[in-house]
Participant: 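Handing you a structure now.
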There are 4 protein chains.
Amino acid sequence: MVRLGVLTSGGDCPGLNAVIRAVVRKVERHLDGTVIGFHDGYQGLMEDRYDVLTIDRCRGILPKGGTILGTSRHQPYGTPDGVERVRATMSRRGLDGLVVIGGNGSLGAARDLGEDGIPVVGVPKTIDNDLGATEVTFGFDTAVATATDAIDRLHTTAESHDRVMLVEVMGRHVGHIATWSGIAGGATMILVPEEPFDIVEVCDTLRRRHQQGRYASIVVVAEGAVPVEGGDLSLPDPGVDQFGHQRLGGIAHLLAPEIEDRTGFETKVVVLGYLQRGGSPTATDRVLASRFGVAAAETAADGEWGTMVAIRAGRIIRVPLHEAVAEPKQVARDIHDVGKVFFA
Amino acid sequence: MVRLGVLTSGGDCPGLNAVIRAVVRKVERHLDGTVIGFHDGYQGLMEDRYDVLTIDRCRGILPKGGTILGTSRHQPYGTPDGVERVRATMSRRGLDGLVVIGGNGSLGAARDLGEDGIPVVGVPKTIDNDLGATEVTFGFDTAVATATDAIDRLHTTAESHDRVMLVEVMGRHVGHIATWSGIAGGATMILVPEEPFDIVEVCDTLRRRHQQGRYASIVVVAEGAVPVEGGDLSLPDPGVDQFGHQRLGGIAHLLAPEIEDRTGFETKVVVLGYLQRGGSPTATDRVLASRFGVAAAETAADGEWGTMVAIRAGRIIRVPLHEAVAEPKQVARDIHDVGKVFFA
Amino acid sequence: MVRLGVLTSGGDCPGLNAVIRAVVRKVERHLDGTVIGFHDGYQGLMEDRYDVLTIDRCRGILPKGGTILGTSRHQPYGTPDGVERVRATMSRRGLDGLVVIGGNGSLGAARDLGEDGIPVVGVPKTIDNDLGATEVTFGFDTAVATATDAIDRLHTTAESHDRVMLVEVMGRHVGHIATWSGIAGGATMILVPEEPFDIVEVCDTLRRRHQQGRYASIVVVAEGAVPVEGGDLSLPDPGVDQFGHQRLGGIAHLLAPEIEDRTGFETKVVVLGYLQRGGSPTATDRVLASRFGVAAAETAADGEWGTMVAIRAGRIIRVPLHEAVAEPKQVARDIHDVGKVFFA
Amino acid sequence: MVRLGVLTSGGDCPGLNAVIRAVVRKVERHLDGTVIGFHDGYQGLMEDRYDVLTIDRCRGILPKGGTILGTSRHQPYGTPDGVERVRATMSRRGLDGLVVIGGNGSLGAARDLGEDGIPVVGVPKTIDNDLGATEVTFGFDTAVATATDAIDRLHTTAESHDRVMLVEVMGRHVGHIATWSGIAGGATMILVPEEPFDIVEVCDTLRRRHQQGRYASIVVVAEGAVPVEGGDLSLPDPGVDQFGHQRLGGIAHLLAPEIEDRTGFETKVVVLGYLQRGGSPTATDRVLASRFGVAAAETAADGEWGTMVAIRAGRIIRVPLHEAVAEPKQVARDIHDVGKVFFA
């Protein structure tokens, strides 16, 4: 019999509910235990705000985006007495351990809690797919599907008007969503943070394409794409919002007039933004999230604390949390190159 | 036997290809005639650039967005010798008449061509659904579907983070897309051009909602929504782009920081923009477009020039082109009121 | 202040929840009244099984298919003391009247209840779109969208294998879904109950098409399509199931080997069946259902019992229930003919 | 400079066009070679029927289901002089080698051609995901997405009517689609070929569920699911059709009355059939297919004949064709078990 707390932390991501449901199902039905869910990530854990999660409570949530628990970016190590409050809640609720579903930052806190003696199992969550310790995470497939659907739509409108369309997708530090949706959507060009772009080359490519009679172009731009240093273009820093979050780059809105000015081609922008976080998870993400949830419950029942569940070569594995948190995983060279096969 | 030219003019819109295909099918199969399609709207007509359209050429285009003919905003009355060039092309190609698929501006030109003795049948095209002479036009249903799908997605992410989300949809002069997608998507509030909004009221509503424990709100904003004159808010004019098009308003990006400042609620923006013009037409739009295309061919074969096909009470009718072009049709009071039933 | 009972009766249909939500919203927020919802159609009304429906209870149901109230085909006039039980429940619950959401059969019972002195407002529900008193009903648009999506998918597989595909869609007595989805999906041929088909002609058409080099064909068949009497084909009666429901026709499975035998063309079948009833309602259906729900609440508040809400020429109207229940509305001649423009 | 022939063989599958496009793109743009595409699989190869495939010819095919080349089940080793004809075509067209996109049977023929001295590179295609040499193949993700979408739809109709719904999905020998879509769709139970089912247990589970007040159930059945031998149920062999193809099982239609009889619960059937093969490939499948196409072209350019491209742990690899063709890969134990966590 095991007694677990679960929480979702950081930006929301399709598949969170599927993980929660799987943890609850596995624990209640097969491990004879109970699960409580903390509200709004670590914040609810520190403030002892929670719901008891039963199989009945989790009915119908599998296909729903978002998280029934709510989420926040608060973390125990950024809060006075944060770790003490976590310990207090866990003791008050008689918990054997925690399942923390989160990205790099939230799992870093989970690792630190583990080192401070609090039993934690991590589940990787990053819509950007930038966690190196797992081949892939849930949410990414849905985000790519959403972005690809948008690119599909924009082709016909670009072609009807002979336009350049810039599609800005998520990816502050890495270009996984841009690369995958760009390949899947048949983009003319894909600009990613891993490889700074040269505005002169971008415009040359578009001009060459026009000379071949291809007047419509779709350029997929990761929000973190940057011009090459010392190149012909420099961009202002968009700064942070009042909540201290780095603003979404707006790179596409900055690029479009540059391209229009240099080429004379009408250039329009679509920023997908929050659309990529929303919606029902794809079947693929629901399966992966369900597998992660079941595996996290098993890991906790085995007492293998301080680990994160992950997937490699189609198999669920357990990796130490301190290995899980690292530099963002970049787009693999070979996939990047596949994208380029289709450029222009 | 009839010999027709067809063209698509103005902004692209899902269903244009379905109209073209239906005209061709009806003319080639049932009226023993031929159809040629001019490129890029009136521009191709003036420059005599065209394709012969056959049933074979039109295979597979029914479910495709955009227009295989291309489109532009050029018009004969804005071009030196424009009308003479139209006459020259028609005579050179031996055409009995034209089918012009376009919105208010393009149909105005069609009406004027008709008055100048050129045989024209109009087909109404406006994604905004603002043409009074027809109950509805193709493209609107698809745009509403796209916007509603986006709103559906944003609900879960809004709820996971307790945010206000502003969704900016098309509608410069009228709020049909905003009203329909807002009702269909379960919006908290809908801001339309027909009824200037009071920023104080908007914020009060959001605050009242928070007091009831509803921390997530979706506000649908038509791009042409404006604050009440003399109210607590005035917005800058976004101006025109280098092609002389009025810029998309950016009203949502202007509103969001206002709401954040006044309420303290985190407020995020998604601008749907060109996504609403793209994609495969809905079944409803394909049927309507096909009916319009067949009816336009019949109207031309009947020699009823100077008319536009339209739909009222489920029946296809023919209306004089000079009646068709008028003030934008506003959202009907009763639908507007239905939207308000669900506010906040 | 008004106190209403609401129930959903007959086959389920996308949009039922949107009607329920709109009734509740209008009554609770604007009419200062209350609504209770009976379980499983008239059965719950007779057995006094119900839920109190509040705005809170109805959150999140707008985009959901099915009905949160459940439904059944039981009717008071087919149940001993049925009408007395209805009266008893209404008096016990202090109801001013009922909102019955149902099709031809259920609305017939509503009309009879009205004539027996029970205050009823009807809301038309028929996925088949066969109610004459309203131009259209919710659920139909979703069913057509689902069928069209299926036909879209089958085109590529039919073409890859040079096959005839028969797609069986709903429509026992009328061919609205078949006609609309057939036009929207670009079908080769559409077989509807209104016009018995001649198997010889069907096969001739397919052969002619092959001779033109078009080896793939999609034939949309309404489940109630029948061969011409005295023609070259007669089909067995599929009979009723153990619950007394007429079995779904199986017409496509009977037709396929006939076509294969007569033409030698490989012929495959897809029966869409329950897929057409399921899923989230389209934006169009959600708006119509919301308008009907608001209008039904207003009609009840006005005490206009014995009427049904309907839509004509884009406006919501009220019609007497006894006019609403009639012979099934057939596919309009002009739409039928539009379908034929695209045959083969 | 390389000169390649490409063909698609066996049942169609979403992603085939993406492979073709990627081969052509890589060869024409980066390897300075040319590609011709044979019609209707090996049949066109033997009969020397082909199209020259250029980048221009392949525009717009990325998101399209099916195969622009057509496909068939004909194979050289089942045709008199088949191998000689292949050799003759290849010599006549001056081909360096072939890219064969096909499943187990077609790749077996490719392996044999290789052993007979004909240079071949294989690309794995199986919607069932039953090829052991690759972790996954394109088409599977789309089929799972389609099946999951169908299950999502059926939940609400099942719940509105308190029904058991049997959903029959593809999978003659293995239950990958059933297992993945069953997990993703939240199925009550999943019946797969790998584990014969006991009808008594199936009915017990449904009854137990009813006793818990869960009256609606969705059972996903792979078409190749079979009852346990010696159990309480035996099913007739559906036989082969006139083209010699084993008929689609019809297992769901046989099971439904059994379940109805034994439990008294209304039980309905939906057979997804060809819907699973159709439609636009998911983003995931488009990326995988594009990667396979690029890799196949590179493999051919490298002269590594007799190999098949595959994916393992996220990386594209090359495996000998004789290893690729083997016993069908069964559903991995751990995924199978995850499915069971959610049963009933």
Side-chain angles (χ1 to χ4, degrees), chain A residues 18 21-22 25-26 29-30 55-56 59-63 135-136 141 143-149 151-152 155 159 179-186 212-214 280-287 289-291 293-295 297 312-316 332 334-335 337-344, chain D residues 18 21-22 25-26 29-30 55-56 59-63 135-136 141-149 151-152 155 159 179-186 212 214 280-287 289-291 293-295 297 312-316 332 334-335 337-344:
Chain A
R21 171 180 174 267
R25 192 87 189 198
K26 182 72 190 177
R29 186 65 60 90
H30 294 260
I55 291 179
D56 264 337
R59 285 205 200 281
I61 69 172
L62 171 63
E135 222 174 79
V136 69
D141 193 66
V144 170
T146 301
T148 301
D149 178 66
I151 299 169
D152 280 359
H155 271 292
E159 280 159 22
T179 303
W180 284 69
S181 67
I183 295 175
Q212 296 162 9
R214 305 292 302 163
S280 184
T282 60
T284 292
D285 274 340
R286 296 188 202 174
V287 172
S290 298
R291 291 174 78 185
V294 168
R312 281 198 207 137
R315 295 270 165 258
I316 303 295
D334 71 308
I335 302 182
D337 289 347
V338 165
K340 292 202 161 174
V341 170
F342 299 98
F343 274 21
Chain D
R21 171 180 174 268
R25 191 88 191 198
K26 181 73 191 177
R29 186 65 60 89
H30 295 259
I55 290 179
D56 264 337
R59 284 206 200 281
I61 70 173
L62 171 63
E135 221 175 80
V136 70
D141 192 67
T142 305
V144 170
T146 302
T148 301
D149 177 66
I151 298 169
D152 279 358
H155 271 290
E159 279 158 24
T179 303
W180 284 69
S181 66
I183 293 174
Q212 296 163 9
R214 305 292 302 163
S280 186
T282 59
T284 292
D285 274 340
R286 294 187 201 175
V287 172
S290 297
R291 293 174 77 186
V294 168
R312 281 197 207 138
R315 296 268 165 261
I316 303 294
D334 72 307
I335 302 182
D337 289 347
V338 166
K340 291 202 160 175
V341 169
F342 299 98
F343 274 21

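Predicted model, so just to flag it, every value in this text is computed and none were measured. Letters go in sequence order (proteins before strands), and every chain restarts at 1.
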Participant: With sequence neighbours left out, write down each residue that passes side chain to side chain donor-acceptor pair (under 3.5 Å) with Arg312(D), or none if nothing qualifies.
Facilitator: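 Partners of Arg312(D) by the side chain to side chain donor-acceptor pair (under 3.5 Å) criterion come out as none, since no residue qualifies.
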
Participant: What is the distance from atom CZ of Arg286(A) to atom CH2 of Trp180(D), rounded to the nearest 0.5 Å?
Facilitator: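 Taking CZ in Arg286(A) and CH2 in Trp180(D), the distance rounds to 13.5 Å.
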
Participant: Under 4.5 Å heavy-atom distance to chain D, tell me which part of Ala18(A) shows up: side chain, backbone, both or neither.
Facilitator: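 Contact with chain D: none, neither part.
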
Participant: If I compare all heavy atoms of Ala313(A) with all of Glu135(D), which pair ends up nearest, and what's the gap?
Facilitator: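 Reported closest heavy-atom pair: CA-OE2, 3.1 Å.
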
Participant: Checking heavy atoms, do the side chain of Val294(A), its backbone, both or neither come under 4.5 Å from chain D?
Facilitator: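 The answer is the side chain of Val294(A).
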
Participant: Of the backbone (N, CA, C, O) and the side chain (C-beta and beyond), which part of Leu62(A) lies under 4.5 Å from a heavy atom of chain D, both, or neither?
Facilitator: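 Contact with chain D: side chain only.
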
Participant: First locate atom CG of Asp334(D), then atom CZ of Arg291(A), and finally report the distance between them rounded to the nearest 0.5 Å.
Facilitator: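 Nearest 0.5 Å value for the CG-CZ distance: 5.0 Å.
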
Participant: Looking at chain A, which one of Ser181(D), Gly186(D), Ser290(D) has the largest number of heavy-atom pairs inside 4.5 Å, strictly under?
Facilitator: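 Option with the top pair count is Ser290(D).
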
Participant: Quick one: which of Lys26(A), Arg59(A), His30(A) has the most heavy-atom pairs under 4.5 Å with chain D, could you say?
Facilitator: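 The answer is Arg59(A).
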
Participant: If you count heavy-atom pairs within less than 4.5 Å of chain A, which of Thr179(D), Thr148(D), Ile55(D) leads?
Facilitator: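 Ranked by heavy-atom pairs under 4.5 Å with chain A, first place is Thr148(D).
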
Participant: Holding to side chain to side chain donor-acceptor pair (under 3.5 Å), I want the full list of residues that pass it with Thr284(D), two or more places apart in sequence or in another chain.
Facilitator: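 In terms of side chain to side chain donor-acceptor pair (under 3.5 Å), with neighbours along the sequence ignored, Thr284(D) is linked to Asp141(A).
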
Participant: Between Ala289(D) and chain A, which part of the residue has a heavy atom less than 4.5 Å away: side chain, backbone, both or neither?
Facilitator: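 Neither the backbone nor the side chain of Ala289(D) comes within 4.5 Å of chain A.
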
Participant: What are the two closest non-hydrogen atoms of Arg25(D) and Phe343(A), and how far apart are they?
Facilitator: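 In terms of heavy atoms, the two residues are closest at NH2-O, 3.4 Å.
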
Participant: Where is the tightest heavy-atom contact between Ala145(D) and Ala283(A), given as atom of each residue plus distance?
Facilitator: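 Minimum heavy-atom separation between Ala145(D) and Ala283(A): CA-CB, 4.2 Å.
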
